[in-house]
Amino acid sequence: MDAFHPTPASLSPYKLLFRALSSIPISHYFLASLFCSLIFLYHFLEFHFLEDVFSGLRGSPVSLTFNSHSQIYEGVVSKCKILHGRYLATPWLSSPHFQTAFLNFFGRPPVVNYRRQIFHASDGGSLALDWLLPSDVLRGAFHANNAISKDDTTPIVVVIPGLTSDSTSAYIKHFALNMVKRGWNIVVSNHRGLGGISITSDCFYNAGWTEDIREVIAHLHHEYPVAPLFAVGTSIGANILVKYLGEDGENIPVAGAVAICNPWDLLIGDRFISRRLLQKFYDMALASGLQGYAQLHQPRYSRLADWEGIKKSRSIRDFDTYATCLVGKFETADTYYRRCSSASFVGNVAVPLLCVSALDDPVCTREAIPWDECRANKNVILATPQHGGHLAFFEGIAATSLWWVRAVDEFLSVLHSSPFMHKQKKILNSSPHSSLESAIDQGPYVNFAEDGMVAAMGNEQTSTVVGPLSEGQNIHDKSSDNEMASDSEQDERMTTENSALAPNIAQTSKLAAKPSSIRKCLEKLSQHNRISMWLMAYIAITTSWPLVGPALQFVFKNKFKSVLPAALHGR
C-alpha cells in the first residue's frame, strides 16, 4: 500500500461522511430541500388538503352548539340541511390563509348596482345606506322609480360590514346578490366615514359603537312597519350586532339575526393577533387599512386624536391607543376591548341568532368563542365548521360561491316561514346595560343611616325610603317644584308608601321607629366586628409565624382574658 495514500481505516469518520455526501448528486439535495420546505409550509399555512383527501373529499361536519330546550333549534335549525351537512373547502384553497387572502385580493364578486340613501344620525353624523332590490337584479337595470311602499311585507335584511369594509367588499356583494335573488330587499349600513361619505360629526365608529345600527333599524322599522327586519353582521360588524342585540333585549324590532366570524372577545383577539408571525401580518394589514381610513378624515383625527401616533401605528392596538381611545373617551386600549366585546352581551340576546365561526379563522381565534354563554341562551345557535378562514368559506372547484352565504340564506328563509320570528316587546324605562354587572350589585339591600332612617336601596337612582324623612330629602319632589312640601303632606305621602310596601319592609319600618335601639344594636355589632378582626389577625399571625404566637400571648395576656369571653358571649 502506498504511504502517500492512507487506508480507509486511517481516515477520520467525518472525512468519510463528507466523501459519501459529496458523491450524492446535487439534484437530490434540491429535491430533498424542496420536500422539507413543502412539509414546513403545509403545517405553517395550516393546509388541510390531505385531511380532505383521506375523508373522501366529503368535508368535515358542522358542529352545532345550542341549548337543549331551544325552540329555535327544534323549529328552525333542525330543518336547515346545510347546517346539518358538511363543508368541503375548494381543494386549491384548502388553507385558511389562502382562503382569506383570496377573498380580499380576488373574491370573484358579482356585479351589483346599489341605490344610495344618505341617513343622518341624531348626533349629526352621516351614513350611506346602499339598497339592492329584487327589481334591480331581475330586470337587469336600475330603475329609480322602483321604491318600497309602506305596506310592503317583503323582508328587509340589514348588513353590517366588517372593519374598514363597505358595500363594495366581495363577500358583501356575494351575500347581497344571493338574498336579492330570493326576492328579499337588502340594505348595507356602511360605517360612518366609509363608502365615500365624509365624517360630519366628532363621532367615529368603533367595535362597540351600536348607536348607528340602533338608529338605522329604528328608522327602517318606522318607514316599513310591516316588513320583517333581519340583521346580518360580519367580523367587527358581527360584534356590533350582537352587542346591540344584547343591550336592547326584547325591546328590538329585529325578527332574526346572524353573526359571521365574530371576534367575540376583543382582548383575547388582541393577544392572539400579535402572537404568531402570520397573525402579525394580518395585524399590520388591518392597521394599514385603519390608517387609510384615518387619512380620509385627517382634519378631524388631527384635532381629536394623536395624528403622529396614528402615522406610526404598526398594529391595531397602536391605532386604538392613539385614535380610538382618544376619540371614544376610553382610558386604555384594554378598557376599550373589555367594554366593547360582544361576548359579555350574548347572554341577553332575545331574538333568534345564528353565529357562524370557523375554527381555523386566522383573524378571530376560536379561543374567544363564548361556548357556555351561547349554550345557555335558548335563542342562540352556534355553528362552528372546522375550516373556512375569515369570512371566506369558498366551495366548489371554481370557488365561485361562499358556504356561509348559502347557510344564512337557508336559515333566514326557514325562520321567516316559522312562528319563531321575534316580535318587539316594548319595555319601559329600559337602558343599555352590560351582562358583566353582578347580580350582587343589582340586588336591593337595607341601608341604616346615622339618624335612624332605614332605606331599601338598589342599583337604581331612585330608592324607596322608610322612616322619618328629613327636610330636603323628599325623593318624590319633581324638578319643577321649588317649594317644600308641608309636614302634613309628607306624613300623608309616607303613610301611602308604607301601606304599599312588602311585609319584610314593614318590619323594617318598625325598627325605624326606635332609632335608639337601632343605634345600640349598631354599636354592639361594630364592637363585635372589631373583636373579630383582631382575632382574625391574631390567628393569621400565629399560623404564619408559630413562634410569634406565644410571645403575643405573653404580652397581651390580660387583654386576651377580657376579649375572648366577650367574643364568645357575642357568638
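Sequence positions, counted from 1, serve as the residue numbers for this chain.
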Please test W404 against F175 for ring-ring contact (aromatic ring centres under 6.0 Å, His included), starting from the C-alpha separation and ending with a verdict.
CA-CA 9 Å; W404 71 264; F175 177 72; 5.7 Å; yes
Would you compute the distance between atom [atom1] of [X] and atom [atom2] of [Y] and round it to the nearest 0.5 angstrom?
{"X": "Q279", "Y": "L286", "atom1": "CD", "atom2": "CG", "result": "11.0 Å"}
{"X": "L241", "Y": "I236", "atom1": "CG", "atom2": "CD1", "result": "12.5 Å"}
{"X": "T321", "Y": "I310", "atom1": "OG1", "atom2": "CD1", "result": "11.0 Å"}
{"X": "K243", "Y": "I213", "atom1": "NZ", "atom2": "CD1", "result": "13.0 Å"}

Are [X] and [Y] ion-paired here, with the side-chain N under 4.0 Å from a carboxylate O?
{"X": "D318", "Y": "K312", "value": "no"}
{"X": "K423", "Y": "E250", "value": "no"}
{"X": "D136", "Y": "R115", "value": "yes"}
{"X": "K280", "Y": "D283", "value": "no"}
{"X": "E410", "Y": "R406", "value": "no"}
{"X": "R271", "Y": "E367", "value": "no"}
{"X": "R214", "Y": "D248", "value": "yes"}

Is the [X] to [Y] ring centre distance short of 6.0 Å?
{"X": "Y293", "Y": "Y205", "result": "yes"}
{"X": "F230", "Y": "W184", "result": "yes"}
{"X": "W92", "Y": "F47", "result": "no"}
{"X": "F204", "Y": "Y301", "result": "yes"}
{"X": "F102", "Y": "F98", "result": "no"}
{"X": "F49", "Y": "Y42", "result": "no"}
{"X": "F119", "Y": "H219", "result": "yes"}

Side-chain heavy atoms of V157 within contact of V232, under 4.5 Å
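Counting from C-beta outward, V157 and V232 do come under 4.5 Å.
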Sub-3.5 Å donor-acceptor pair from the side chain of S169 to the main-chain atoms of Y171, do we have one?
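No, the answer is negative, given that no donor and acceptor are paired below the 3.5 Å cut-off.
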Step through the shown structure and confirm whether more than 12 heavy atoms of other residues, nucleotides or ligands are within 6.0 Å of [atom1] on [X].
{"X": "Q298", "atom1": "CD", "result": "yes"}
{"X": "R86", "atom1": "CZ", "result": "yes"}
{"X": "F18", "atom1": "CZ", "result": "no"}
{"X": "I26", "atom1": "CD1", "result": "no"}
{"X": "F330", "atom1": "CZ", "result": "yes"}

With S418, which residues qualify under side-chain hydrogen bond (donor to acceptor under 3.5 Å, both in side chains), at least two apart?
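In terms of side-chain hydrogen bond (donor to acceptor under 3.5 Å, both in side chains), with neighbours along the sequence ignored, S418 is linked to no residue.
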Stepwise, does the ring-ring contact (aromatic ring centres under 6.0 Å, His included) test hold for F44 with F40?
CA-CA 6 Å; F44 184 72; F40 171 77; 5.5 Å; yes
